[in-house]
Amino acid sequence: MKQLVVAVGILALFNVAACSGGEEQKSGVGGSGGGSGAATGGTAGSGATGGSAGTGGSAGIGGGSGGISMTDADMPAVTPCPSTALLTDTAAFATLQTAMTTGAISYLDVPYDGSDPDILKKKCGLEGFWNPAENVDAIPVSGAPNLASIIATQHGGICSDGFQNFGVDDGFPVAGIYRKEFKATAGALTYHVRVRVTASGSAAGKKFSSIPLAVPADIQTGLVYEVNGAAAAHDDLWSALIGAMAAPAPQASIDAKHAGAAIFTAKIELICAVQL
């Protein structure tokens, strides 16, 4: 099984992970007009050949009580949206946080279709190609998401520009907006959560080998990670990320630093959630 998760990690664990792949695939995310526009629209896409401007949408959809505003591109009419009560209420979010950090995580993914030229963009959750109704495969995660092991087992890196082959083309996601969904099960309770990830930085879209970074060793030890500006160990990124969030607008940013400079940033926002 060559697919897995998150959109979290450096690559947003909710992103290189969330950009989990399938069998070897032959069309890159950044090419063919890839890359989405800004969340509010108006600027050109950031993939290798641009792409259309962001769809934007009406601010404030489903974002009441101080929650994070949704746009039309978040598809607020599709479950778990537009529900935000678990995210905007302090006590409810604390319970959800516990489930996300101590429970079993599974990511929702679109089945691999080798005949679809946009399959990588769909799997990565790139804006303009993501459709939550198509993400019907539940991919379980063993323990907390771990970027190095995800990439080493060919479950990540496919969201880079021009990806074709695992190992040589693995890299950072192209700059743009991504969406992923996951489920967290703790005891008898299961939660369904939708995440929006904004990827940016000088290394966005680049192959790890061009940095250069050896995979997976440098992903684990050659980069310095920060969550909201606080240092976080590679193996603790998931718990640090979730722990840094707070109601009523749970969000956090992960920076990956190389040679003292931030080269990739993933802003992760929880935009809606329900208890199943």
Side-chain angles (χ1 to χ4, degrees), residues 3-9 12-15 17-18 20 57-111 125 130-146 177-198 227-228 236-252 254 266-276:
Q3 45 191 3
L4 174 50
V5 141
V6 223
V8 201
L13 245 74
F14 275 118
N15 232 0
S20 50
S58 303
I61 300 175
S65 302
I68 294 172
S69 295
M70 282 178 266
T71 71
D72 292 339
D74 294 313
M75 297 195 182
V78 182
T79 303
C81 294
S83 301
T84 60
L86 291 175
L87 305 177
T88 56
D89 180 83
T90 300
F93 183 65
T95 300
L96 176 58
Q97 273 182 306
T98 299
M100 290 189 291
T101 55
T102 65
I105 302 296
S106 61
Y107 296 96
L108 302 183
D109 192 20
V110 60
W130 174 79
N131 180 355
E134 295 179 352
N135 289 279
V136 297
D137 284 351
I139 312 300
V141 179
S142 178
N146 179 303
I177 300 172
Y178 300 78
R179 290 167 183 82
K180 294 299 291 185
E181 294 186 1
F182 67 96
K183 292 183 179 181
T185 299
L189 300 179
T190 296
Y191 299 91
H192 184 180
V193 183
R194 182 170 299 169
V195 178
R196 181 170 63 213
V197 180
T198 303
V227 175
N228 284 358
D236 298 329
L237 273 175
W238 177 265
S239 58
L241 177 68
I242 301 303
M245 297 179 176
Q251 58 188 304
I254 294 178
K267 178 183 178 182
I268 298 97
E269 302 169 285
L270 305 188
I271 55 177
C272 36
V274 293
Q275 179 184 319
L276 302 178

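Because the structure is predicted, anything quoted here is derived from the model rather than measured.
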Answer yes or no: is there a side-chain heavy-atom contact under 4.5 Å between [X] and [Y]?
X	Y	value
Val136	Pro111	yes
Val110	Trp130	no
Val197	Ile177	no
Val195	Arg179	no

If you compare all heavy atoms of [X] against all heavy atoms of [Y], which two are closest, and at what distance to 0.1 Å?
X	Y	answer
Phe93	Pro250	CZ-CB, 3.5 Å
Ala184	Ala99	CB-O, 3.9 Å
His192	Thr79	CE1-O, 4.0 Å

Residues which pass side chain to side chain contact (heavy atoms under 4.5 Å, CB included) with Ala92, listed by chain and number, not counting sequence neighbours:
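Per chain and number, Ala92 pairs via side chain to side chain contact (heavy atoms under 4.5 Å, CB included) with Leu86, Asp89.
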For Ala252, check side chain to side chain contact (heavy atoms under 4.5 Å, CB included) against everything at least two apart and list the hits.
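Only Val227, Asn228, Leu241, Ala244, Met245 meet the side chain to side chain contact (heavy atoms under 4.5 Å, CB included) criterion with Ala252.
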Atom CE in Met70, atom SG in Cys81: separation rounded to 0.5 Å?
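If we round to the nearest 0.5 Å, Met70:CE and Cys81:SG are 4.5 Å apart.
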Spatial distance of atom CG (Leu108) from atom CD (Glu134) [nearest 0.5 Å]
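With rounding to 0.5 Å, CG (Leu108) is 13.0 Å from CD (Glu134).
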Treating Asp74 as the side-chain partner and Pro76 as the backbone partner, does any N or O pair qualify as donor plus acceptor under 3.5 Å?
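No, because the side chain of Asp74 does not come within donor-acceptor range (under 3.5 Å) of the backbone of Pro76.
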Evaluate the ring planes of Tyr107 and Trp238, with Trp represented by its six-membered ring, and classify them as parallel (under 30°), tilted (30 to 60°) or perpendicular (over 60°).
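Perpendicular.
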Please list, chain by chain and in numerical order, all residues satisfying side-chain hydrogen bond (donor to acceptor under 3.5 Å, both in side chains) with Thr190, sequence neighbours excluded.
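Thr190: side-chain hydrogen bond (donor to acceptor under 3.5 Å, both in side chains) contacts with Thr185.
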Under 3.5 Å, which donor-acceptor pairs do the side chains of residues 266-276 form with other protein atoms, sequence neighbours left out?
| unit_1 | atom_1 | unit_2 | atom_2 | d |
| --- | --- | --- | --- | --- |
| Glu269 | OE1 | Arg196 | NE | 2.9 |
| Glu269 | OE1 | Arg196 | NH2 | 3.3 |
| Glu269 | OE2 | Arg196 | NH2 | 3.4 |

Inter- and intrachain pairs under salt bridge (Lys or Arg N to Asp or Glu O under 4.0 Å), touching residues 186-195, at least two apart
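Qualifying pairs, neighbours excluded: Glu181-Arg194.
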